[in-house]
Amino acid sequence: MSETKTAALQYRFDGPDDAPVLVLGPSIGTTWHMWDRQVPELSKHWRVFRFDMPGHGGAPAYPVDSVGEVAARLLGTLDELGVQRFGYAGCALGGAIGAELALRHPHRVASLALIATSPRFGTADEFRQRGVIVRTNGLDPIARSSPERWFTPGFAAAQPAITDWAVQMVRTTDPGCYIAACEALASFDIRAELASIGVPTLVLVGSEDQVTGQGEARTLVAGIPDARLAVVPGASHLAPVEQPAAVTDLLVRHFSSAWQAAPDAHATGQHAITAPPVKPVLAPPPAVPVAEIAAVEQPEATDVRPDAYAAGMKVRREVLGDAHVDRALAAADEFSSDFQELVTRYAWGEVWNRPGLDRRTRSCVTLTALVAGGHLEELAFHTRAALRNGLTPAEIKEVLLQAAVYCGVPAANSAFRVAQKVIREETTPQESRHPPAGGARTPARERGRSRVGT
């Protein structure tokens with residue numbers, strides 16, 4: 001295990017020192033142990049490098065709130081170890097890191113496998129809602145609901161030891177690092193860039209995955225030029241844990257046959273890594289499902305508006321949530337559409353996007369102004385936004401107490417009533433639902449609410 005610095009990740013190696021390096025990336029809430037059942041076979045052919053996310057598995061708690069920053073820390077760790085070129089397989093958040101590396105540092109990645117991965121994991125709302133729950137209730141509600149997201153019901157019932165292990169793995173994660181990882185997933189979106197991934201890619205998904213299912217997998221395969229699809233029968237989100245033999249077989253076949261040669265060593269100073277020879281792979285026992293690899297057609301490009309409106313829409317969605325903004329835009333007609341554009345472009349693209357104040361501070365200012373003006377409907381959704389921006393219920397209470405002194409007790413009395421209702425709704429875990437992309441589904445109270453604001 002490494003002596004970890006702030007810029008480095010906790011890691012371990014398995015396999016021959018002179019073999020090509022294969023990096024395995026974990027999912028949010030898991031540790032490198034999620035790959036334990038792949039390592040014995042993979043380490044026969046590759047020098048297997050596993051790492052933990054910050055604050056996971058006892059790793060130092062240095063929160064990272066973007067996929068790009070985790071990828072940068074991973075590259076920094078590999079640089080310190082002298083690893084220049086490697087294959088990469090990652091699950092969920094670990095897969096997002098692999099896609100980020102293939103996009104930003106294509107000369108470093110020889111081959112790629114994306115497991116239970118999406119070009120955009122659900123919506124930002126879902127992950128920021130999860131952050132609110134963790135900030136308020138700790139990780140226990142998320143830990144207790146993890147097995148139903150990660151495993152099929154039959155597997156969870158038949159493997160109580162693995163189920164308990166999964167719960168404990170999440171429960172022992174640092175809450176601040178978990179919230180930061182949720183933020184990283186909330187902001188991850190590479191749908192418009194898939195065609196730029198230029199390495200051989202295997203996209204692997206469990207047939208029963210309700211978190212990042214076959215639709216997301218097919219979007220990846222359609223968008224990445226040299227990609228193939230494998231569906232693992234009888235597996236949910238953590239396919240490497242639930243169907244280890246089938247996943248191991250697919251990884252061995254992919255990385256043995258699809259390892260892109262390194263760039264010209266004279267031009268880059270790097271040395272090509274020779275792929276291990278293809279060898280016969282024993283089929284798993286009949287009881288273990290075996291997935292087949294298939295190819296899928298290519299995608300259509302998406303368009304992004306590169307101006308203050310686009311920047312404002314991004315901030316508006318991050319602060320207020322996709323569900324709220326979608327309702328506001330859907331309700332706009334010829335009479336009100338110009339107002340929606342004005343709000344998006346100037347309130348969100350200009351003022352909320354200025355660097356002078358962080359979003360927590362802007363939420364404090366906004367709540368106070370809304371109390372002073374008696375705008376209780378907008379106070380409700382900006383209380384929700386304040387929780388997403390990182391304010392705790394206790395901090396919101398202090399803002400309203402301050403407002404009581406300067407805006408008047410009657411105004412604050414109404415404000416407390418509105419904020420109390422919102423906080424109760426937002427901080428109550430929705431354990432009975434199956435959240436997409438490892439996160440909570442949009443609560444029922446968000447669906448169908450008709451009145452919207454800015």
Electrostatic pair R327:D125 at N-O distance under 4.0 angstrom: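 Looking at D125 together with R327, the answer is no, because their closest N to O distance does not fall below 4.0 Å.
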
Answer yes or no: is there an ion pair linking R128 with D322, defined by an N-O contact shorter than 4.0 Å?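 Salt bridge between R128 and D322, a charged N being under 4.0 Å from a carboxylate O: no.
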
Heavy-atom count around R359 CZ within 6.0 Å, excluding the residue itself: above 12?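 Enclosed.
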
Using the test side chain to side chain contact (heavy atoms under 4.5 Å, CB included), find all partners of [X] that sit at least two apart in sequence or belong to another chain.
X: D338; answer: none
X: I179; answer: V134, R135
X: T136; answer: V132, P393, T427
X: E242; answer: F151, T152, F155, S236

Rounded at 0.5 Å granularity, tell me how far [atom1] in [X] sits from [atom2] in [Y].
X: F127; Y: L93; atom1: CZ; atom2: CG; answer: 9.0 Å
X: W165; Y: M34; atom1: CH2; atom2: CE; answer: 7.0 Å
X: I190; Y: I197; atom1: CD1; atom2: CD1; answer: 4.5 Å
X: T117; Y: I115; atom1: OG1; atom2: CD1; answer: 7.5 Å

Is the Y11 ring parallel, tilted or perpendicular to the F13 ring (thresholds 30°, 60°)?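 Rings of Y11 and F13: perpendicular, over 60°.
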
Geometric class of the W348/H382 ring pair [parallel <30°, tilted 30-60°, perpendicular >60°]: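 Parallel: the ring planes of H382 and W348 meet at under 30°.
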
Using distance only, find each side-chain donor-acceptor pair of residues 20-29 under 3.5 Å and give its atom names and separation, not counting sequence neighbours.
none

Could you pull out all residues at least two apart from Y88 that satisfy ring pair (Phe, Tyr, Trp, His ring centres under 6.0 Å)?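 In terms of ring pair (Phe, Tyr, Trp, His ring centres under 6.0 Å), with neighbours along the sequence ignored, Y88 is linked to no residue.
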
Can you check whether Y62 reaches R73 side chain to side chain, under 4.5 Å on heavy atoms?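 When only atoms from C-beta onward are counted, R73 and Y62 do touch, with a gap below 4.5 Å.
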
With a 4.5 Å heavy-atom cut-off, do S256 and W46 have their side chains touching?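 S256 reaches W46 side chain to side chain.
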
Using only heavy-atom distances, determine whether the side chains of S146 and R149 contain a donor-acceptor pair under 3.5 Å.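 A pair is found: one side chain offers a donor N or O, the other an acceptor, under 3.5 Å apart.
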
Without hydrogens or angle criteria, can the side chains of R316 and Q340 be said to hold a donor-acceptor pair below 3.5 Å?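 Present: a donor and an acceptor within the cut-off.
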
